[in-house]
Every structure is written in structure tokens, then in C-alpha cells.
Amino acid sequence: MNNMKYTITTPLYYVNDKPHLGSSYTTIACDAIARFQRLKGNTVLFLTGVDEHGQKIERTAESKNLQPQLHCDEITEKYKFLWDKLNISYDRFVRTTSKEHTSLVHQFYSNVLKSDDVYMGRQSGWYCVGCEEYKDVEENDKSPICSIHKKALEWRDEENLFFKLSKYQDQIEKLIQVDGFISPKSRKNEIINFVSKGLRDFSISRVNLKWGISVPGNSDHTFYVWFDALLGYVSGSLRDQCSPELTDESLCNWPANIHVIGKDILRFHAVYWPAMLLSAGMQTPLSVFGHGFLTREGQKMGKSLGNVLDPIDLLEYGGIDAMRWYLLRDIEFGEDGDFQLRRYVDIVNSDLSNTIGNLLNRTITMSKKWFNEKIPIDNTSLPESPLKVQSEMKINEYMESFKNNNFKNSANAIIDLANSANLYLNDRAPWKLIKDVTNKNVVAHDIYSVLESCRIIGILLNPFVPNLSSRILYQLKIDPSVIDFEQSLHWGLLNPSNGLEDPKPVMDKIEYKDS
RNA sequence: GUCAGUGUAGCUCAGCCGGUUAGAGCACAGCAUUCAUAACGCUGAGGUCGAGAGUUCAAGUCUCUCCACUGACACCA
């Protein structure tokens, strides 16, 4: 039952602009899942990457006086740089401008053709240049205006290739009903509602777009962004990325266990994408999770408001552990969340510095002071520490919640355990007991059980804040690279002969400053 | 416009099929205090549960109306 393949993807981010907090949020969440799965002993393929084609990018490059490819290279580097800073443990980084990807798109397309799912049609309607999309308009309206841009819409009529989405109505309806396929539930209902109204075919090519993958057999067409970008998940998960081929053998990491995406693109992943895969005779992903968006101090982030929070700035403010912890611990994954600086500082200081950091610090100090610079050996026949029971309970909660991508609850389970350990210390007051030498065994028992709790906390923290987790484990002289849930989460594994590092605060406090 | 969801202490949220003085964590105040990162602990202050009406012996919890916010309503990465 162990050692299963687990494939997880972030969205392939559109390289129109540098990465923002939203994409960092998604990627951090995926990283937590990937690390969690690895600790469970699964073989994880954690895939991220960028979507580089499309008119918007073509234009952005033009406005910067750059070749599109150079512009893409530039932005791609920023993504990689940021993921590095955030300690994102991705295994592969897909670029849709790579040769391999192009080849895969062509193969996939030919399979879809074989299923007779493509036809030439006309896309006509009122088009907004600003939105780059066709708008639904009241039938009688002869001069419609875009509600967003307040500009007149243009009538456009162009030749496009269409994909027969409608053919898959029944299969998609069944698929989206499957329990756990779409999360969270509220979004699932929206998709079901949407699909029940009847699926229409959608266009998969454009004629006046150069910056894209050419359509074989229709040289003046390029693939429309979705038909191109979604396939990045496949090209990135192939066994051999250098010579991509759609064979059972090379598809060993497919289907993805989970696509984590923002709620805005849920429909494409939960409806269009599975249909495309069905058409090509491939397996559909096992689940799709559409998370919420972040606002800042109650307001939408946007360029026009000038309140965009740059992930790099945030990183410099509180550090990587703070940023990861806050996003995973305080925001309900799936719901929209609000970033508040005051709260950010409070939560991080309280949880990581005061509750966890201080617990480790005070306990190591006591241990070293009274037990010859070491971890005490618990050779008493005292009843089991209540912390053992508590930790087992909290490990359970943590696991259950994490399975459902409920990071908040998992994080709370860790904090609960740390709180219990702090309370236990206050209750037992080893600093008083130790004054009487005959109590030494009792104190050993107490200190050991708190240190053991710290070890477990350190391990459980890994998917959330890998750096802090390592710092904690280092102080307990445990090699963080060899931890594993199955092996490491049993009570009593802390080895007294290992010794302890000198206590140093593992988490500095963030100073709140209005900015 | 239609449909769905949300609105509970300063902040983030629990409150199941209606039932005693509405809960937690954080923030704040006081006390205590060193084993510890002005940390841990204890105590406390904080809410007309969005507004109004109704059903009921009894409503945060059910019904209706209204207000505010969010989302979906097909090609927006």
C-alpha cells in the first residue's frame, strides 16, 4: 500500500508578468502536499511550469521591444528564482515553448483527430479587444459595449478549428459527480450546474496569432491557449521528457493525482481538460482542487489600486517560514483569504516563536543543564506520559486533515501538541522537582517526553515550513533528510545518546512595522 | 437580471436535527514568573450573533423581506 506514485501539478503560470502572491500561494500549497506525500513514502512527481504562448504575451513582448521568446525566458527565470527562494521542491519545470512540448501537442492532436473530434467551423460574435474574448450580447443590441472596458465591441467572424466537447456530455457529467473529483464542494456544485446546461464545442485554434504552436495540416492556424497549455501537464510528467511519446510506457506518471489551480480556471480543468483526454484515449486526472484568491487588507490586489504585494517583499519582511506558515495555517484552502500584515506578524510570532520555538528552547536548556548536556534516559517505570497519547491523537488529526488538503486543521493539530507540551511543563514544574535529587528520574521522564514531542512537532512541521523543521531537528541532532512518517512518528524514537545542540532560538520574531 | 454562498467579539473562525449566563485561538489588560525568545501559565475585559418582521413556551440556529459582500451564468493563464 505504500510507495505509490503521486503526481501533483501547479498551474502552468502565464508569463505575461512576474509572479505574484497568488501564484506563490498555489505553489506553496502544492509544495506542502508534495512534501507530505513524500513523507508518506510515495514516489512524488511534483510538476510546475509556465504557459508561454498567446496574444497577450506576444503583445507584451512587443511593447518591451523583445522577441517573445526572450521575454518568456526573462519571466521564466523570475519564476524559477522565486520558487527557489520559497524552497519549492518541484521535480520538473515545464515550458510550453520547448520542442518536446510542441511534439507532444502534435501527437495528442493527431489522436484527437483520429477520434474524429475536430472540425472546421466559424467563430463569430462580438469581440472585446481589451478582454480578448467574445462576449455574450443581448440579441437586439446592435452596438454592444464591453461592461468591463466600456468600449464598443467589434464584430468578428473567423475560421477556427473546433473540438467536439458536446460529444462528451455524458462522460463529463459522470466524472464530475465522482466524489472527490472536484474540490471544494461549493465549486463542484457550480461546475455541475454549468455542465447540466449542456456543453458546447469550443474552438482550439486561432488564425491571427503567430506566437503559438502551429496546427499540423492548417499552417495558418495556431493552437488556442488551452489546447496547448493543459498539455503541459502531460509533457511534463512523461517518463522520458527528451523524446516525448504518448505510450503507456512513457505515461507512467499519468494521470495526475491532483491538479491544484485557482478557482478562476476550474472549469477548464474539470470539464474541458478531461474531455480532451478522453478524446485522445487517455486517463483523466483523479482530482482537481480550485483554491480561493487572496485579498490584501480587505481589498482586491491590483495594479490599478497599486496595492499588489510582491512575494519577494513579503519574503524579506518575515522570511520563508513565516510566509509559508501564514498562508497555509491561517487561510482556509479553497476559500478566499485576506492577507493582513498585523495578523501575519501575530500569528507567526505566536505559533512559531512563542509556542513552538520557546518550547524547544526551554526544554533543551533544562535537559542540558540537569542531564549532563544530554537527553535524559527515561528508565523509570512511570505510567506513560500523557503527551504520548496526546501526540498520537494529534498525529491522527494532522493526517486526516492533510488528506483533505485542510492545511489549517493540520497546522492546528501541531500547535495543539505544542500547547499541551508547554502546559505539561508548567504543570510538572521540573525546575522545582529537580531541587530534590530523588526526583531525578521523574524529571528525566518528563523532559524526555517533552523533547520527544518536539521531535514529532519538528517532523510534522516539515511540509509546512521545511526550513524551520530542519532547524528544530538539527537541535535534536536528527538528520532531517531521512525522516519518514511511517518510520519516524512512533513515540520513543528520540535517542538519548545523540545528545543535543546548544539551544538557539529557531525562530526569530518578526517586528511589526506599518508599511 | 437569474441562481448559489457568506454576514457571530478588534482579527481568523466554531456553533450539529432550535433549549440553561453565545465559544476557541490570536490581539489587548492585570497577576504571576524563570526552565525559556518580555516567552510559558493564570485571570479578565470585549458580541443587541448584518437589519426588520414572523413561527414557537423558547431562535445565532426555522420562515419571509431587505441590506452588504463573494461566486457561477462558456472560450479570462
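Letters go in sequence order (proteins before strands), and every chain restarts at 1.
Look at the C1' atom in both B:G52 and B:A68: the space between them is 15 Å, to the nearest Å. Nucleotides B:U33 and B:C42 have their P atoms positioned 16 Å apart, rounded to a whole Å. One P atom belongs to B:U37, the other to B:U48, and the distance between them is 42 Å to the nearest Å. Rounded to the nearest Å, the gap between the P atom of B:A24 and that of B:C67 is 36 Å.
Here the side chain of A:N426 is nearest to one of B:A77, B:G41, B:U70, namely B:G41. Nearest to the side-chain atoms of A:R362 among the listed nucleotides B:U70, B:C40, B:C75 stands B:C40. Side chain of A:Q340, nearest nucleotide from B:A74, B:U12, B:A27: B:U12. Of the candidate nucleotides B:C40, B:U12, B:A77, B:A77 has the atom lying nearest to any side-chain atom of A:Y224.
Per the geometry, CZ belonging to A:R342 stands 11 Å off C1' belonging to B:C11, to the nearest Å. Between A:R329 atom CZ and B:A24 atom P the separation is 16 Å, expressed in whole Å. Atoms CG (A:L425) and P (B:U33) sit 19 Å apart, rounded to a whole Å.
Applying the 5.5 angstrom centroid cut-off and the 30 degree plane-angle cut-off, the aromatic ring of A:W431 is stacked upon the base of B:C35.
Between the side chains of A:Q169 and A:E173, at least one donor N or O lies within less than 3.5 Å of an accepting N or O. Residues A:H259 and A:T9 have side chains that bring a donor and an acceptor to within less than 3.5 angstrom of each other.
In B:G7 the base sits anti relative to the sugar, since the glycosidic angle is further than 90° from 0.
The residue A:L423 sits close only to the backbone: its heavy atoms come under 4.0 Å of sugar-phosphate atoms, none of a base.
Put simply, A:W370 has no side-chain N or O that comes within less than 4.0 Å of OP1 or OP2 on B:C35. Contact between the side-chain N/O atoms of A:K408 and the OP1/OP2 oxygens of B:U12 is not found at any separation under 4.0 Å.
The base of B:A36 is not paired with the side chain of A:N361 by any donor and acceptor separated by under 3.5 Å. The base of B:C75 sits within donor-acceptor range of the side chain of A:S203, with an N or O pair under 3.5 Å.
With ring centers used as reference points, A:Y79 lies 6.0 Å or more from A:F93.
By the 4.0 Å N-to-carboxylate-O rule, A:D338 lies too far from A:R343 to be salt-bridged with it.
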Next item on the list: Could you give me the CA-CA distance, side-chain angles and deciding distance for A:T27 and A:Y13, then say whether side chain to side chain donor-acceptor pair (under 3.5 Å) is met?
Entry: CA-CA 10 Å; A:T27 308; A:Y13 301 108; 2.6 Å; yes
